[in-house]
Amino acid sequence: MLNKEPGPERAELGFREAVLSSFKFLSDAGFHPVEKQTTFVRYESSEVFVNVFHGRASFELGLEIGRLREPKRTLSLYDIVAWAGGEKTEDLGQHVAFQVSSREDVQKFVPKLAALAKKYSAPFLRGDHAAFDSAFAIQSERWEKYVTKVNLSGVRKSAEAAWQAKDYAQVVALYDTMRKNLTEVEAKKLSYAEKQSTAGVGSRASRTRKQK
């Protein structure tokens with residue numbers, strides 16, 4: 001979220017009131033609201049905190065749960081639903097996102113956010129250490145996969161550019177960093193590039209010699 005102070009019109013959306021009404025179940029779990037702002041409501045128990053927010057710039061509804069003893073580590077609602085294996089049942093994508101900018105939609109989707117939290121977050125609200133640890137492990141694994149995907153995408157673009165330039169030595173160097181993730185087409189390109197590179201074709205050195 002951007003650090004942008006909400007204007008007075010944001011109060012008219014009724015986010016705070018909708019949260020306090022829809023998340024009453026947290027009181028039964030031993031929580032009490034410690035912050036009640038126009039776009040942010042925070043609940044705490046003796047061990048756990050729950051942040052419910054309405055993005056100041058993005059207008060995205062969200063929820064995160066964490067332990068008071070490690071406040072910088074949080075689980076999003078998607079993390080929790082995915083940990084429980086419910087992302088397909090709930091037809092969720094890579095995250096739970098309700099982007100709402102009208103009072104009507106706030107009143108409609110805050111209860112949906114609360115319903116998902118109530119359905120899947122019970123172990124975390126209890127402060128179940130095993131649940132937190134396993135969910136954090138899954139979260140880290142998913143993040144690593146995402147980073148790998150982004151990195152591979154960059155390597156593939158560079159390798160394709162080198163292929164188009166017939167810089168086979170560079171193609172080999174780039175594809176060599178991702179051999180386990182090569183597609184069938186990329187594997188064939190690597191094989192061809194290796195043969196060309198071995199023969200001294202398409203390398204920067206060979207081009208330099210030709211220019212001389």
Side-chain angles (χ1 to χ4, degrees), residues 1-6 10-11 13-100 105-148:
M1 295 179 291
L2 295 176
N3 186 22
K4 179 182 178 183
E5 289 299 322
R10 289 298 293 270
L13 299 182
F15 168 79
R16 176 175 54 196
E17 294 75 17
V19 171
L20 293 174
S21 174
S22 300
F23 283 82
K24 285 182 178 179
F25 70 91
L26 289 177
S27 298
D28 298 330
F31 287 80
H32 59 281
V34 295
E35 287 189 55
K36 296 180 283 185
Q37 301 178 21
T38 303
T39 58
F40 179 83
V41 179
R42 179 183 174 94
Y43 293 85
E44 290 183 4
S45 68
S46 59
E47 295 184 51
V48 178
F49 65 86
V50 178
N51 295 330
V52 188
F53 57 87
H54 189 205
R56 292 178 180 181
S58 68
F59 286 85
E60 183 175 309
L61 293 176
L63 177 148
E64 55 188 14
I65 297 178
R67 291 178 284 195
L68 292 173
R69 64 184 177 87
E70 46 180 357
K72 293 185 178 181
R73 295 190 73 188
T74 61
L75 295 168
S76 69
L77 185 56
Y78 177 81
D79 290 327
I80 292 169
V81 175
W83 170 84
E87 69 271 28
K88 291 183 179 180
T89 301
E90 303 297 342
D91 192 27
L92 302 180
Q94 291 300 307
H95 61 290
V96 180
F98 301 126
Q99 195 169 24
V100 297
D105 283 343
V106 166
Q107 305 307 311
K108 176 181 178 181
F109 288 102
V110 167
K112 288 189 175 183
L113 195 71
L116 286 171
K118 184 176 182 180
K119 183 176 180 179
Y120 291 102
S121 66
F124 304 95
L125 299 179
R126 293 195 302 268
D128 187 311
H129 296 306
F132 269 105
D133 291 343
S134 60
F136 278 132
I138 294 172
Q139 180 192 65
S140 296
E141 182 180 354
R142 186 166 62 252
W143 174 249
E144 288 175 2
K145 287 182 179 178
Y146 171 75
V147 171
T148 298

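What's counted below: heavy atoms across the whole structure, side chains too, no hydrogens, waters or symmetry copies.
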Y43 and F31 aromatic centres sub-6.0 Å: no

Indicate yes or no: at least one non-hydrogen side-chain atom of [X] is less than 4.5 angstrom from one of [Y].
{"X": "F25", "Y": "L125", "answer": "yes"}
{"X": "F124", "Y": "I80", "answer": "yes"}
{"X": "T74", "Y": "F136", "answer": "no"}
{"X": "F98", "Y": "E60", "answer": "no"}
{"X": "Y78", "Y": "V81", "answer": "no"}

Side chain to side chain donor-acceptor pair (under 3.5 Å) partners of residues 118-133, not counting sequence neighbours, each pair once: R67-H129, R67-D133, E90-K119, E90-Y120

Residue pairs, two or more places apart or on separate chains, that pass side chain to side chain donor-acceptor pair (under 3.5 Å) and touch residues 15-36: E35-Q37

Residues that E64 engages under salt bridge (Lys or Arg N to Asp or Glu O under 4.0 Å), provided they are two or more places apart: none

F49 six-ring centre to R42 NZ/CZ under 6.0 Å and within 45° of normal: yes

Looking at [X] and [Y], what are the two nearest heavy atoms and their distance?
{"X": "A117", "Y": "L63", "answer": "CB-CD1, 3.9 Å"}
{"X": "V50", "Y": "I65", "answer": "CG2-CG1, 4.0 Å"}
{"X": "V106", "Y": "A18", "answer": "CG1-CB, 4.3 Å"}
{"X": "T38", "Y": "F15", "answer": "O-CD2, 3.3 Å"}
{"X": "W83", "Y": "S134", "answer": "NE1-OG, 2.7 Å"}
{"X": "E47", "Y": "G127", "answer": "OE1-O, 4.3 Å"}

What's the separation between atom [atom1] in [X] and atom [atom2] in [Y], rounded to the nearest 0.5 Å?
{"X": "T39", "Y": "F59", "atom1": "OG1", "atom2": "CZ", "result": "9.5 Å"}
{"X": "L113", "Y": "F53", "atom1": "CG", "atom2": "CZ", "result": "8.5 Å"}
{"X": "Q107", "Y": "L13", "atom1": "CD", "atom2": "CG", "result": "8.5 Å"}

Any donor-acceptor pair under 3.5 Å from Q139 side chain to D79 backbone: no

Verdict with supporting geometry, V52 and F40, side chain to side chain contact (heavy atoms under 4.5 Å, CB included): CA-CA 6 Å; V52 188; F40 179 83; over 6 Å; no

V100 vs H54, side chain to side chain contact (heavy atoms under 4.5 Å, CB included): CA-CA, chis, key distance, verdict: CA-CA 8 Å; V100 297; H54 189 205; 3.6 Å; yes

